[in-house]
Number of protein chains: 2
Amino acid sequence: MATSTVEDYLKQIFLMETAEGAGPLVPMGQLAQILGVVPGTATSMIKTLAEAGLVKYEPRTGVCLSPKGRKLALHVLRRHRMVELFLVKVLGMDWSEIHDEAERLEHAISDRVMERIDELLGRPTLDPHGDPIPDAEGKMGRRELVPLVSAEGKGWVEVARVKDQTEVFLRFVDRNGLKPGRRLQVVAVDAVAGVVTVEPEDGSPLSLGLETAGRIEVEQRTVGVVDEG
Amino acid sequence: MATSTVEDYLKQIFLMETAEGAGPLVPMGQLAQILGVVPGTATSMIKTLAEAGLVKYEPRTGVCLSPKGRKLALHVLRRHRMVELFLVKVLGMDWSEIHDEAERLEHAISDRVMERIDELLGRPTLDPHGDPIPDAEGKMGRRELVPLVSAEGKGWVEVARVKDQTEVFLRFVDRNGLKPGRRLQVVAVDAVAGVVTVEPEDGSPLSLGLETAGRIEVEQRTVGVVDEG
DNA sequence: ATTTCCTTTTTGGCAAATCAAAATCAGGGA
DNA sequence: TCCCTGATTTTGATTTGCCAAAAAGGAAAT
């Protein structure tokens with residue numbers, strides 16, 4: 001069995017590989033930084049993983065997952081996201097406090113328990129942040145999402161995904177009615193000022209920096225216009 | 001934070017300390033055997049725990065928990081038993097398959113999650129095997145239970161506790177209607193033959209060896225006689 | 001009092017995962 | 001071309017748990 005450290009490495013490589021704007025190989029320094037270890041540690045760990053056939057390692061360039069490693073990574077990711085949804089749906093926790101919990105539980109949950117949770121939740125495909133939950137075989141549904149700025153003037157659109165798991169940000173998003181499932185209009189995008197103005201359905205209009213707006217994605221198609229009294 | 005190894009040591013010492021027929025100190029060999037390590041490993045680990053003030057160590061005699069160690073042990077035990085109940089009640093798992101699951105999960109569950117589970121389950125005081133669940137402060141209710149043999153000829157009594165977590169045994173107990181909460185009559189105890197004959201309310205009469213019967217405890221007082229058609 | 005046997009402790013070593021700091025490499029600019 | 005800089009890799013050490021096997025204790029039996 002893979003140790004929880006190994007699971008963390010694989011999961012993180014997967015996330016970095018599939019992040020937008022990522023090259024074909026994940027550089028050591030970046031990986032080390034995200035995992036909170038010094039670069040040397042990452043290098044030696046990656047060499048071990050390479051020997052185990054879980055990653056392909058290109059010295060002085062970076063790593064990528066092997067098919068075997070990807071499968072394991074998806075397995076971990078499935079547990080992580082399923083646990084997050086479980087904590088919110090079944091235990092009623094706030095979505096801002098679930099990430100760290102899931103980070104620990106993802107290594108302790110058996111396939112048997114996962115199956116029960118999956119069933120209890122009705123075979124869900126999305127976690128509370130709008131990220132896809134891989135199925136037991138590692139397959140994830142793909143959605144066509146666009147960043148907030150691309151929805152300027154398109155009328156009412158639905159928030160689909162929030163790509164930032166920090167507590168403060170998630171609380172901010174919640175307070176302002178920007179959670180996945182909520183509707184909003186992108187009123188204006190001022191590229192020069194770097195400000196995006198949105199009008200959430202339930203919540204007062206507000207301005208976001210371009211960076212911040214980039215962490216929120218919406219469904220591409222426009223949703224039915226709501227009658228504004 | 002205590003590592004999960006430390007938690008296991010403390011929990012096990014607690015269980016052995018409070019087991020019936022136990023002396024004031026738990027001998028190294030026994031501890032090592034139950035934890036699945038060689039004696040030398042236990043000795044060195046215990047010395048570490050003693051330095052941390054979690055146990056009192058009497059060389060060549062044994063260990064016992066310090067107040068600090070007992071508190072931690074009860075904390076772990078609470079998580080273990082609560083998780084077991086959770087797996088049965090919420091996820092609908094069979095009580096014969098929950099022990100090992102709980103063994104891993106007990107180290108990964110935060111106080112916050114525990115509180116949610118506790119609430120969801122309605123502040124339970126007993127786990128699926130009839131063992132008491134310590135509360136958040138480490139206090140457990142005490143019950144007056146007696147072994148099966150002491151209930152000979154007392155009419156209908158209620159099974160209260162099963163002291164064996166092995167899968168086969170738990171499945172046997174379930175199949176024969178001997179789970180906690182079920183009623184039965186102890187028809188006869190033959191000390192010479194070493195056989196206890198019981199008649200479960202739902203299940204056919206059966207004989208148990210003395211050893212086996214000792215793993216089942218019942219409420220001391222007799223329960224209302226059920227009308228046998 | 002001695003021996004024997006069983007338990008416990010000690011000693012020396014190993015594997016996983018980490019850090020600190022020195023060494024190495026690779027690419028861009030002078 | 002040569003050097004500088006920043007990223008990467010090596011090297012040597014540390015910590016935590018573990019095992020194997022030798023050494024030491026203690027209690028009961030001779």
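Letters go in sequence order (proteins before strands), and every chain restarts at 1.
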How close or far is atom [atom2] of [N] from atom [atom1] of [X], stated in whole angstroms?
X     : N      : atom1 : atom2 : value
A:E51 : C:dA15 : CD    : C1'   : 14 Å
B:I46 : C:dT7  : CD1   : P     : 18 Å
B:L35 : C:dT8  : CG    : P     : 14 Å
A:L31 : D:dA7  : CG    : C1'   : 14 Å
B:L25 : C:dT8  : CG    : P     : 11 Å
B:M28 : D:dG26 : CE    : P     : 15 Å
A:Q33 : D:dG6  : CD    : C1'   : 15 Å

Completion exercise
From the list B:E84, B:R81, B:R161, side chain to side chain donor-acceptor pair (under 3.5 Å) partner of B:H129 resolves to B:E84

Exam field: side chain [X] to backbone [Y], donor-acceptor pair closer than 3.5 Å:
X      : Y      : value
A:D94  : A:S96  : yes
B:R143 : B:A160 : yes
B:R215 : B:D164 : no

Practice task
Output, in order, the C-alpha distance, side-chain angles, deciding distance and verdict of side chain to side chain contact (heavy atoms under 4.5 Å, CB included) for B:H80 and B:H99.
Solution key: CA-CA 8 Å; B:H80 180 92; B:H99 186 75; 3.5 Å; yes

Handout entry: A:R104 side chain reached by A:H107 side chain, heavy atoms, under 4.5 Å
Key = no

Which atom pairs, donor and acceptor, lie under 3.5 Å between side-chain atoms of residues 33-46 of chain B and protein residues at least two apart or in another chain?
from: B:T43; atom 1: OG1; to: B:P39; atom 2: O; distance (Å): 3.3
from: B:S44; atom 1: OG; to: B:T41; atom 2: O; distance (Å): 3.2

Handout entry: Salt bridge A:E20-A:K163, side-chain N to carboxylate O under 4.0 Å
Key = yes

Practice task
Output yes when A:K11 and A:E7 qualify as a salt bridge under the 4.0 Å nitrogen-oxygen rule, no when they do not.
Solution key: no

Exercise for the section: Ignoring backbone atoms, test whether B:Y57 places a side-chain nitrogen or oxygen under 4.0 Å from the OP1 or OP2 oxygen of C:dT8. Expected result: no

Handout entry: Presence of B:K47 side-chain N/O under 4.0 Å of C:dT9 phosphate oxygens OP1/OP2
Key = no

Can you check nucleotides 25-29 of chain C for protein contacts, nitrogen or oxygen pairs under 3.5 Å, and list what you find?
none

Output one line per pair: protein atom, nucleotide atom from nucleotides 13-19 of chain D, and distance, for all N/O pairs under 3.5 Å.
from: D:dG17; atom 1: OP1; to: B:T3; atom 2: OG1; distance (Å): 2.4
from: D:dC18; atom 1: OP2; to: B:Y9; atom 2: OH; distance (Å): 3.4
from: D:dC19; atom 1: OP2; to: B:V38; atom 2: N; distance (Å): 3.0
from: D:dC19; atom 1: OP2; to: B:T41; atom 2: OG1; distance (Å): 2.9

